[in-house]
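The shown structure was predicted, so the numbers you read here are calculated from the model rather than taken from an experiment.
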Amino acid sequence: GAEGPTLMSYFAKNQIQALKPKITFSTLRDLQCPVLQSNDLQGKPEESCSTEELLEWLGAVLNQVSLDNKSSSFLSTYCCPEPNTVVEKAFLCTITGFIIPEKIIQLLEQLCCYFSEPKLAPWLTLTVHGFADSPVSWRESEHGFHKGGENLYNFVIFRNLDYWLQMAVGAHDDCPP
């Protein structure tokens with residue numbers, strides 16, 4: 001009723017606007033990447049890496065952790081899982097903001113179009129993070145922050161358009177069926 005116009009004038013007066021997503025691009029050079037086979041989720045020694053190894057590697061890359069396993073590093077001695085290959089250039093795009101599911105589907109479709117061009121990448125990924133302290137999660141449970149507030153899913157899309165869907169949530173959260 002009467003609250004609508006009052007709220008509208010409050011927002012207009014205080015210039016509160018929906019924030020546009022922030023987009024950043026970067027190029028990672030000589031990046032060690034795990035070797036993946038779309039039909040092998042568990043990985044095989046000397047042939048391919050597992051889904052768990054990929055997700056751990058992706059976390060290191062997205063957080064700009066060095067992959068060279070230097071003993072002098074106080075931050076991390078993590079190294080890329082085996083087998084791996086060095087990619088001369090990897091492209092990283094980060095979009096930060098409130099993004100509706102339809103836009104995520106659109107991004108996924110655009111990424112799949114990448115393989116129709118003569119590109120050399122054997123696979124690519126799309127990771128969607130919820131806010132760590134988001135009040136909602138999947139299904140009907142509240143999101144339990146507890147320790148880390150894990151709340152994400154990751155698509156790995158292969159050149160043949162096979163894909164993996166990985167999900168990570170906190171121990172007290174529900175996962176989709």
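A 4.5 Å side-chain heavy-atom check between Phe115 and Phe158 finds every atom pair outside the cut-off. Residues Cys49 and Leu54 form no side-chain contact, since every pair of their non-hydrogen atoms from C-beta on lies 4.5 Å or further apart. Contact annotation: the side chain of Pro122 approaches that of Arg159 to within less than 4.5 Å [non-hydrogen atoms, C-beta and beyond]. Two residues are said to be in side-chain contact when any heavy atoms from C-beta on lie closer than 4.5 Å; Leu92 and Leu62 meet this criterion.
Ring-plane geometry between Phe25 and Phe91 is classed as parallel, the angle between the planes falling under 30 degrees on a 0 to 90 degree scale with a further cut at 60.
Using a 4.5 Å cut-off between side-chain heavy atoms of Ile, Leu, Val, Met, Phe, Trp and Tyr, with links allowed through other members, Trp123 and Val61 fall into the same hydrophobic cluster. Tracing side-chain contacts under 4.5 Å through hydrophobic residues (I, L, V, M, F, W, Y), one reaches Ile99 starting from Ile23; they form part of the same cluster. No path of Ile, Leu, Val, Met, Phe, Trp and Tyr side chains, each step under 4.5 Å between heavy atoms, connects Leu55 with Val65, placing them in separate hydrophobic clusters. A chain of hydrophobic side-chain contacts below 4.5 Å, direct or via other Ile, Leu, Val, Met, Phe, Trp or Tyr residues, connects Tyr153 to Ile157. Note on Leu111: it does not cluster hydrophobically with Ile105, by side-chain heavy-atom contacts below 4.5 Å among ILVMFWY residues.
Note that CD of Gln166 is 8.0 Å distant from CD of Glu52, once rounded to the nearest 0.5 Å. With values rounded to the nearest 0.5 angstrom, Asn154 atom CG is found 7.5 Å from Leu126 atom CG. We find the CZ-OG1 distance between Arg29 and Thr27 to be 5.5 Å, quoted to the nearest 0.5 Å. Atoms CG and NZ, on Leu28 and Lys89 in that order, are 12.0 Å from each other to the nearest 0.5 Å. Here the CD atom belonging to Gln32 is positioned 8.0 Å from the CD atom belonging to Glu82, to the nearest 0.5 angstrom.
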Check: residues 35-42 side-chain donor-acceptor pairs under 3.5 Å, at least two apart:
{"residue": "Ser38", "atom": "OG", "partner": "Asp162", "partner atom": "OD2", "Å": "3.3"}
{"residue": "Asp40", "atom": "OD1", "partner": "Gly43", "partner atom": "N", "Å": "3.2"}

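For the residue pair Pro81 and Pro34, the shortest heavy atom distance occurs at CG-CB, 4.1 Å.
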- [ ] Verify side-chain contact (heavy atoms from CB on, under 4.5 Å) between Val156 and Leu58, making sure each step is shown before the conclusion.
- [x] CA-CA 11 Å; Val156 186; Leu58 196 57; over 6 Å; no
